[in-house]
> 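I am attaching a structure below and will ask some questions about it afterwards.
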Amino acid sequence: MSVFALVDCNNFYASCEKLFRPDLAHAPVVVLSNNDGCVVARSREVKALGIKMGVPVFQLKDEIVKHGIVCFSSNYALYADMSSRVMNILEEEAPRLEVYSIDEAFMDLTGVDHVTDLLTFGKQVKAKVDKWTGITVGVGIAPTKTLAKLANHAAKKYPATGSVVDLMDPNRQRRLLALVEVGDVWGVGRRISEKLRSRGINTALDLANANPKAIRSEFSVVLERTVQELNGVSCLDLGCVRPTKQQIICSRSFGHRITEKQELREAIAKYTTRAAEKLRGEKRLCRVVNVFIRTSPHAKDEPHYANSLSVELPNPTDDTRDLLEVTEVLFRRIWRAGFRYMKAGVMLADFYEHGTYQQDLFRADGMKANSKVLMSVVDQINHSGLGNVFFASQGVSPQWSMKREHLSPAYTTRWEDLPVVK
DNA sequence: TCTGGGGTCCTAGGACCC
DNA sequence: TCTGGGGTCCTAGGACCC
């Protein structure tokens, strides 16, 4: 029988910020989304205050003052670095690991129970991550990924578990399932849980007891798999090797509304450049390029406009210059004056490996001269931390860039920001 | 005034083919 | 009255995840 463990970092972003601010060890801390828009992470103290995930920060003004909540802008360089430290430890502990998101991973523990008791093993992993990184994790162990998620959920919810739950025993599984609302099951979102409830399926146990075939015809093959997994039948295997991306999206909401064509144009150029970097990081070429722009869907009293346009290139490319030419044309075609734009983005899709695509018959080789060399030099300089090389169309000091008023230092990734112990 | 960003998978339906 | 059958490919959109 397979054995999966789900290891998940507690309040990850908030915990990362606290690590370097011992003075805030017991303070309520939130981390905000881009543009300091809404709450994306909450420390234990903030959760206890009943503040919900995703709340716009302007609605919390009073509570921030009242409870002395400390706000941080998101510092992805810090979180990504801490994440890789945690994942490296987990990788040493298990033969196979799937890094599922920045703060959680599935481990394959099949066979481990011949050597150690699973609960003991889970506690060892937790202790090691805690000692080496200062990040606390919860561990859920079960015969399927969906049950491992649920075990992890229980590990967090019930302090008596010591944050590690072994859910291999079927009787224990049933007892827990009866206590969990159906909407808390992995793969059951708001829409589906509403529909399930209208059919009298309220708990995870109700869902586990449903007829899989009926679920498939009324809902989907995805939910049918969930039913199987809740019954201990593993349908979802570990995705150890990161699948190559199918698409790359770069989009941001702006620090303030944009009305000038030139400003929006610069933003598009900037996103194009970032998307092209990601594409080269994947070692892929892309053939389809899409640009979109939109006004705020929340604004009640002003005209709305949203549009997007795609194009298929004659030859796949990863050259920033090619992509900039294309997104510029697409942008000009969807731009309309007289709106207050909130967001824009660039999407790349239809990827190819180098040398495996059909060349356009009428353009012997679309490649620009020295493309490969120039792009790799640009990427190297920009990754070195020494400075930035960029394309003129991005503008020199953009007004539209993100609002990040509460950004913490790059403690772990920039020499000048290294914390000093006095 | 102020509401994130980046992904995946699946399905239905239309276009098109013989 | 009555208007084929079976397939492929593509796209848009819905639902989910963190």
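Throughout, protein chains are lettered first and strands after them, A, B, ... in sequence-line order, and every chain is numbered starting at 1.
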> Ser253(A) near the nucleic acid: base, sugar-phosphate alone, or nothing, with a heavy-atom cut-off under 4.0 Å?
sugar-phosphate
> Anything under 30° is parallel, anything over 60° is perpendicular, the rest tilted; go ahead and classify Tyr100(A) against Phe106(A).
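If you compare the ring of Tyr100(A) with that of Phe106(A), the planes turn out perpendicular.
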> Check this for me: Arg336(A), atom CZ, are more than 12 non-hydrogen atoms of other residues, nucleotides or ligands nearer than 6.0 Å?
yes
> At under 4.0 Å between heavy atoms, what does Asp36(A) touch on the DNA or RNA strands: base, sugar-phosphate, or nothing?
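Nothing, no heavy atom under 4.0 Å.
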> Going by side-chain hydrogen bond (donor to acceptor under 3.5 Å, both in side chains), Thr320(A) matches just one of Glu277(A), Arg280(A), Arg274(A). Which one?
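With Thr320(A) as partner, side-chain hydrogen bond (donor to acceptor under 3.5 Å, both in side chains) holds for just one option, Arg280(A).
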> Over all strands shown, is Ile102(A) touching base, sugar-phosphate only, or nothing at heavy-atom distances under 4.0 angstrom?
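It contacts nothing in the nucleic acid.
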> What is the nucleic acid contact for Arg216(A), judged by heavy atoms within less than 4.0 Å: base, sugar-phosphate only, or nothing?
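No contact at all - Arg216(A) keeps every heavy atom at 4.0 Å or more from the nucleic acid.
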> Passes side chain to side chain donor-acceptor pair (under 3.5 Å), Ser253(A) versus Asn35(A)? Steps please.
CA-CA 7 Å; Ser253(A) 299; Asn35(A) 289 310; 4.7 Å; no
> Mind pulling the stems DNA chain C is in, i.e. runs of at least three Watson-Crick or G-U pairs, everything under 3.5 Å?
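Stems found: B:5-18 with C:5-18.
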> Strictly below 4.0 Å, N to O, side chains only: are Asp169(A) and Arg172(A) in salt-bridge contact?
no
> Return the residues of residues 46-75 of chain A meeting this criterion: a heavy atom under 4.0 Å from some atom of DNA chain C. Order them by number, or give none.
none
> Taking the six-membered ring of Phe351(A) as reference, does the cationic atom of Lys245(A) (NZ for Lys, CZ for Arg) lie under 6.0 Å from its centre and within 45° of its axis?
no
> Taking for each residue the nucleotide of DNA chain B with the nearest heavy atom, is it Phe219(A) or Cys250(A) whose nucleotide lies nearer the 5' end?
Cys250(A)
> Residues from residues 132-144 of chain A sitting under 4.0 Å of DNA chain C, heavy atoms only?
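When residues 132-144 of chain A is checked for heavy atoms under 4.0 Å from DNA chain C, there are no hits whatsoever.
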> Indicate the ring-plane relationship of Tyr411(A) and Phe20(A), choosing parallel, tilted or perpendicular according to the 30° and 60° boundaries.
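The arrangement is parallel - the two ring planes meet at less than 30°.
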> Please assess Asn307(A) against Tyr305(A) for the test side chain to side chain donor-acceptor pair (under 3.5 Å), listing each intermediate value before the final yes or no.
CA-CA 7 Å; Asn307(A) 204 352; Tyr305(A) 174 69; 3.1 Å; yes
> Start with the C-alpha distance between Asn211(A) and Arg216(A), add both sets of side-chain angles, then the distance that settles side chain to side chain donor-acceptor pair (under 3.5 Å), and finish with yes or no.
CA-CA 9 Å; Asn211(A) 179 337; Arg216(A) 181 180 194 143; over 6 Å; no
> Taking the nucleotide of DNA chain B with the closest heavy atom to each, which residue, Ser220(A) or Cys38(A), is nearer the 5' end?
Cys38(A)
> Tyr13(A) vs Tyr76(A) aromatic rings, parallel, tilted or perpendicular, using cut-offs 30° and 60°?
perpendicular
> Could you tell me from which nucleotide to which nucleotide of DNA chain C, 5' to 3', there is an atom under 4.0 Å from chain A heavy atoms?
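First-to-last contact on DNA chain C, by the 4.0 Å heavy-atom rule, is dA15(C) to dC18(C).
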> On a whole-Å scale, what distance lies between the P atoms belonging to dC18(C) and dT3(B)?
25 Å
> Is there a residue in residues 184-201 of chain A whose heavy atoms reach under 4.0 Å of DNA chain C, and which residues are they?
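Within residues 184-201 of chain A, the residues near DNA chain C are Val185(A), Trp186(A), Gly187(A), Val188(A), Gly189(A), Arg190(A), Arg191(A), Ile192(A).
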> Can a salt bridge be assigned to the pair Arg257(A) and Glu302(A) using a cut-off of 4.0 Å between side-chain N and carboxylate O?
no
> More than 12 heavy atoms of other residues, nucleotides or ligands under 6.0 Å from CZ of Arg197(A): yes or no?
yes
> What pairs of donor and acceptor atoms, side-chain ones from residues 323-335 of chain A against any protein atom, are under 3.5 angstrom apart with sequence neighbours left out?
{"unit_1": "Glu325(A)", "atom_1": "OE2", "unit_2": "Lys368(A)", "atom_2": "NZ", "d": "3.1"}
{"unit_1": "Thr327(A)", "atom_1": "OG1", "unit_2": "Thr272(A)", "atom_2": "OG1", "d": "3.0"}
{"unit_1": "Thr327(A)", "atom_1": "OG1", "unit_2": "Leu323(A)", "atom_2": "O", "d": "3.2"}
{"unit_1": "Thr327(A)", "atom_1": "OG1", "unit_2": "Leu324(A)", "atom_2": "O", "d": "3.3"}
{"unit_1": "Glu328(A)", "atom_1": "OE1", "unit_2": "Arg265(A)", "atom_2": "NE", "d": "2.8"}
{"unit_1": "Glu328(A)", "atom_1": "OE2", "unit_2": "Arg265(A)", "atom_2": "NE", "d": "3.1"}
{"unit_1": "Glu328(A)", "atom_1": "OE2", "unit_2": "Arg332(A)", "atom_2": "NH1", "d": "2.7"}

> Can a salt bridge be assigned to the pair Glu353(A) and Lys283(A) using a cut-off of 4.0 Å between side-chain N and carboxylate O?
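No.
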> Quick one: do Glu91(A) and Arg96(A) make a salt bridge, cutoff under 4.0 Å?
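No.
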> Can a salt bridge be assigned to the pair Arg404(A) and Asp36(A) using a cut-off of 4.0 Å between side-chain N and carboxylate O?
no
